[in-house]
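Have a look at the structure below, then the notes.
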Amino acid sequence: MSNIRAIRGMNDILPDETPSWQALEQSVRSLLSSYGYGEIRLPIVERTELFKRSIGEVTDIVEKEMYTFDDRNAESLTLRPEGTAGCVRAVIQQGLLGTPQRLWYSGPMFRYERPQKGRQRQFHQIGVEAFGIASPDIDAELILLTARLWRSLGLADSVELELNTIGNSASRQAYREALVAYLQQREEQLDEDSQRRLHSNPLRILDSKNPATQALLNDAPALSDYLDDESKQDFSSLCGFLDAAGLSYRVNPRLVRGLDYYNKTVFEWVTDRLGAQGTVCAGGRYDGLVEQLGGKATPGIGFAMGMERLVLLLSEVAQSQPASSAADIYVVAAGDEATRVALAAVEPLRDALPKHRIVQHLGGGSFKSQLKKADKSGAELALIWGDDEVLAGNCTVKFLRTAGDQHTVAVAELAAFVSAALA
RNA sequence: GUGGCCGUAGCUCAUCAGGUAGAGCACCGGAUUGUGACUCCGGAGGUGGCGGGUUCGAGACCCGUCGGCCACCCCA
């Protein structure tokens with residue numbers, strides 16, 4: 001097989017799939033706009049250092065999942081594995097942090113992982129970030145905004161909100177030590193992966209899928225016992241906001257996130273309808289990150305949603321959609337002369353009917369084969385030019401969805417006739 | 001990085017003690033010398049992922065390799 005193929009895990013999105021992408025993107029755009037969020041467009045490539053310093057040196061993403069390369073100037077660059085780091089870099093660099101900012105962005109992200117359902121090496125996210133608001137009311141706004149999105153997409157019954165607070169870095173540090181102390185005594189009972197994580201990222205053991213490990217955790221120290229007062233208070237305010245808004249959620253004390261910059265509020269929207277990759281949208285607060293990347297101390301919070309997963313979920317949930325048509329009007333012309341006349345006659349028609357899809361048959365072929373294409377296109381009307389029409393200055397208008405109905409129309413009256421027919 | 005399943009026509013799949021391939025859909029043409037859908041007739045399209053091995057003979061068996069899917073891991 002010498003044909004060049006796409007890179008593994010980097011998929012083409014074909015014309016029959018792009019309509020659902022466009023519909024999803026449109027819903028998200030108008031929703032974000034209605035909450036006053038502004039779009040920011042960011043580079044796909046950043047200095048490797050940015051991701052190391054924000055995501056964390058010992059995370060899986062940085063250790064083994066980044067597409068990293070040296071450019072011609074011997075600088076280490078990386079295809080972004082997530083969006084927050086670049087967004088934070090931009091707001092610092094561009095001096096946007098004088099006032100609170102509500103921002104969103106979209107585009108491809110890259111992680112070198114084994115592809116599977118709902119996971120690819122190039123995937124697409126829409127990310128939302130809010131800077132400069134320390135109080136948990138912004139946490140609530142972001143969550144309510146996502147809930148509204150699920151409602152408008154018809155996904156409200158397919159997703160669940162999981163919520164937790166992981167405290168500030170000091171309380172998390174104290175908890176980590178307690179957890180490690182507890183688990184080290186029972187190290188031989190841990191599954192292999194968790195034994196490894198015990199030394200690299202012990203908090204991740206909390207959401208291990210291994211049942212024995214989960215059982216072991218029942219008697220482990222609880223993160224909630226180590227939380228700082230502010231985190232506890234903010235979390236209960238957040239829950240209060242959500243309760244008041246009538247939004248249901250599940251507090252999951254074992255929900256932790258894989259990126260180092262998170263603190264306090266973390267949340268995940270999950271579904272059980274996508275196989276193993278059930279997280280459709282996730283995020284949390286990252287109050288120290290701006291400062292850590294060299295900006296003035298500014299609180300931040302954000303989330304990202306996985307577009308592929310949402311598109312998949314929408315197709316799982318959707319009742320069979322009606323077959324979409326490719327055209328409203330299909331133009332048939334047999335012969336060079338007729339093609340020339342038709343091409344010219346259709347231009348004013350496009351002026352008159354800018355919202356309709358007018359597809360002209362090109363490449364020749366018999367009336368029969370062209371009409372066959374017209375039918376397949378799903379068009380309502382076929383406009384037909386042959387020698388007779390050309391001579392008489394007419395066009396034959398054929399209704400394809402009603403039996404045998406066809407009219408001879410003068411080209412001068414074509415626009416009026418067609419717009420009346422399609423009204 | 002690990003594991004399981006899979007790789008035959010554009011698509012979905014079949015066939016078979018191992019004797020060099022077939023259907024449906026799609027495509028093209030005809031039945032209608034200028035007219036689609038339904039029907040009928042015909043046609044084109046495959047070095048059976050690739051490379052080795054066993055065999056008189058392999059798409060079928062064995063090994064390797066590449067690719068796909070799903071899961072672990074990780075995460076959106």
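Chain identifiers are assigned alphabetically (A, B, ...) following the order of the sequence lines, protein sequences preceding nucleic acid strands; residue numbering begins at 1 within each chain.
- Shown for residues 117-125 of chain A: residues whose heavy atoms fall under 4.0 angstrom of RNA chain B, namely A:Lys117, A:Gly118, A:Arg119, A:Gln120, A:Phe123, A:Gln125.
- Of the residues in residues 48-68 of chain A, those lying under 4.0 Å from RNA chain B by heavy-atom distance are A:Asp60, A:Glu65.
- Proximity of A:Lys373 to the phosphate of B:C28: a side-chain N or O atom is located under 4.0 Å from OP1 or OP2.
- Listed pair A:Arg8 / B:G68 meets the phosphate criterion, a side-chain N or O lying under 4.0 Å from OP1 or OP2.
- Checked by atom type, the side-chain pair A:Asp139/A:Thr265 shows a donor-acceptor distance below 3.5 Å.
- Judged by a 6.0 Å distance limit and a 45° cone about the ring axis, A:Arg121 is positioned over the six-membered ring of A:Tyr112.
- Ranked by how close their nearest RNA chain B nucleotide is to the 5' end, A:Ile7 and A:Arg111 are led by A:Ile7.
- Across all strands shown, B:C72 forms a Watson-Crick or G-U wobble pair with B:G1, both key distances being under 3.5 Å.
- A:Ser366 and A:Ser369 are linked by a side-chain donor-acceptor pair at a separation below 3.5 angstrom, with hydrogens and angles left out of the test.
- The nearest heavy atom of RNA chain B to A:Ala6 and to A:Asp207 marks one nucleotide each, and the one closer to the 5' end goes with A:Ala6.
- At least one donor-acceptor pair under 3.5 Å links the side chain of A:Ser419 to the backbone N or O of A:Ala415.
- Phosphate proximity of B:A71 to A:Gln116: present, with a side-chain N or O under 4.0 Å from OP1 or OP2.
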